[in-house]
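Encoded as structure tokens, the structure appears first; notes follow it.
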Amino acid sequence: MQKLETINESHCSYSQIKTFEKSVEKEQEYKLLALVETSKSTNILLQDCELEEEFEIVWKKILSSFEFRPSEREEISSIVTKVLKQNLISRDLQKHMDKLCILDQNQTSSFQVCDEHFGYRSRLKRMFEDNNKQQKLEAQKIASKIIEEYNQFIANKCNLAADFSESYIIELLEIVENGLKEKSLEIRSAFEVDLKIYLCNAACQDFQKLHDRFAKDRELLAYISATKNKYAAEFIYQFRKRDQCQRVAQAFISMVIKPLMLEYVNEPLGTQIAKEVKHKAQQYQSPHAFHQCILEDLIKEDCFESFVEYLLSYEDFRLRKIREKVVSHLSDTTSLGELRQHRLGEIVGKIAAAVSQTTEGTSGVLSDTKPLLERVCLILERDSKIDVKKESLNGPLFSITTEWDHFVKCLMELLAKMRFDLGQEFNQNVDVLEVLNDLPVQPQDQLLHIVRGCEKRCPLCKAPCEEEKLDHEVHSSLLHRPKGMLPYDFCSPSHLSCPETSKEAYGELIICKNLHLEDPNWSNISNDLNSQKTNNYWRYCLYLLSKFTIALLNIETTFKKYISHMYISPPTIDFDVFNSYIYRYVLARFNEKFAAEFKQELVKLPEDWKQITKEDALESLKGVFAKKGCS
């Protein structure tokens, strides 16, 4: 305080020190905010030497704004005397030089006009005019006017942020000379000299104060410079504290909160998407509807490769079609973005509420962040029934001591930014496949569960079972696949465990022809293909195939000895289904491609098969499934 009292003169006072400190605080705050933001965006940890350079920029800027101009103290009177002497010499008034001795003396009285200031003639002329008072009054008015101009001149100069200059005295003397040019009185040079000495004497005192003020700036600057290291240390400390706070908050957001938010947003999406697709697409109402739609699309698409995939890899083909439908649905609707935005708003609100519950009574209090962050997680689990993965909080990373309310401010800012960034991401053209891959519940899996139906396949042609009732014992297919549409290795008759069976024998075999397979052993067939039950079932199939010799049906005698001793009453055959045009059309359409694909001979087809049109096949398909639906 003694130092401050010493400086407490003119504007170099205690208030100036406070002004400087406020300037430092303000500029430091701007710089700290910028540095923390830079550190956050670049994730680069600034070194102390870099922070010292940044502080030096702030310090120089503050000193520049104060315009400190330190100078050595001088006696202004000597400069004024020198300038005044030069002025008198230039005006040929050297005879009055002896009057300069009174400069730099305290003037206790105002400027007074006296008889010496008038010439003899002027005094004689006015001797009888009111005792010469009128002449003195007029001269006094002139002097007073010039003095007023001087006062304004001094005020202007002292308000400038500049030290004293001898040019000020030159300007002052010009003011006097210009003011006397307008006189109408016969005044002697003594009047001009006395007035200049009077004003210069006053200027010595006024300008000395101005000069002393700037001389005092040197003392102020010395005091401020002595505190520079303290300010620099505080600057670095504040940055480290804020940067650490920012980094811990960022780590909590990225390691705990963001995964939580994405999981909350994505959790119901798969189920919701599946519901939307099921509501808009009728083929996802049942396994029958889905299978019918697949066959209709295959016929309309008229693509051989798709037929092969359907026949040989039905499960994969079915799942691919469902996924394509999901992708198409998401590409044509905005519901995904709307649902994600809604869920995002919900979880952000829940997190903000949990954080706000931890701020009570923590304003300005130094706290360990780790237990408070754990409390945030516990509140989320308790109030919002959200499973928070808190494993990331283990270890020293999140255990820092800071003002919790300041940490919460950083946390909420980052949470708001996270919401904004995710919201922007959800509003943009998203990669639908990428979104699907991130979902914990896949919509195609849910849709597949609806349309899967029975997983059993015909052991001869691999046609899917069309029975929709749960726990059914009899498996049946609406559309068995004929010879020529499947490769020999895919469903070889060697499965019948007949050693005499050969590829040549298969060449004469037409695989299942829309037969209702009602053998009670079907539902309990052993996985052991050599078992008696298995042989009984397939012998029954061959019996049916041999019993109905329709279109290329010709069983090789090789198999007859396995059928002769095994007589089972044939079931009732639905010949409308049996005579379906669907596979006849497909086989006729792609007979050559099937043969080339499977490296087999062309199937000899009746001519009427070749006359079946796409429309006939589609109509027949509708009839088959309509009849099944009514049965």
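Just so you know, these numbers use all the heavy atoms, side chains as well, and skip hydrogens, waters and symmetry mates.
Across all non-hydrogen atoms, the minimal contact from Arg457 to Cys465 is NH1-N, 4.2 Å. Across all non-hydrogen atoms, the minimal contact from Phe307 to Ile299 is CZ-N, 4.0 Å. Across every non-hydrogen atom of Arg318 and Leu448, the tightest pair is NE-CD1, 3.4 Å. Scanning both residues, Val355 and Val408, for their nearest heavy atoms gives CG1-CG1, 3.7 Å.
The CG atom of Leu602 lies 12.0 Å from the CZ atom of Phe594; values are rounded to the nearest 0.5 Å. Going from atom CG of Leu414 over to atom CD of Gln250 covers 5.0 Å, rounded to the nearest 0.5 Å.
The salt bridge (Lys or Arg N to Asp or Glu O under 4.0 Å) search around Arg320 returns Glu309, Glu324, not counting sequence neighbours. Scanning for side-chain contact (heavy atoms from CB on, under 4.5 Å) contacts around Lys325 gives Val277, Ala281, Gln283, Tyr284, with sequence neighbours left out. Take Phe317 and apply the ring-ring contact (aromatic ring centres under 6.0 Å, His included) test, not counting sequence neighbours, and it matches Tyr310. Not counting sequence neighbours, Gln611 has no partner by the side-chain hydrogen bond (donor to acceptor under 3.5 Å, both in side chains) test. Evaluation of the salt bridge (Lys or Arg N to Asp or Glu O under 4.0 Å) rule for Lys409 yields no partner, not counting sequence neighbours. For Lys593, the side-chain contact (heavy atoms from CB on, under 4.5 Å) partners at least two apart in sequence or on another chain are Phe304, Phe590.
A salt bridge links Glu263 with Lys389: the closest approach of a Lys/Arg side-chain nitrogen to an acidic carboxylate oxygen falls below 4.0 angstrom.
At distances below 3.5 Å, at least one donor-acceptor pair connects side-chain atoms of Thr333 with backbone N or O atoms of Ser335. Between the side chain of His288 and the backbone N or O of Glu466, at least one donor-acceptor pair lies under 3.5 Å.
Remark: aromatic rings of His291 and Tyr314 are close, center separation under 6.0 Å.
Annotation: cation-pi pair Arg343/Tyr264 present, NZ/CZ under 6.0 Å from the ring centroid and within 45° of its normal.
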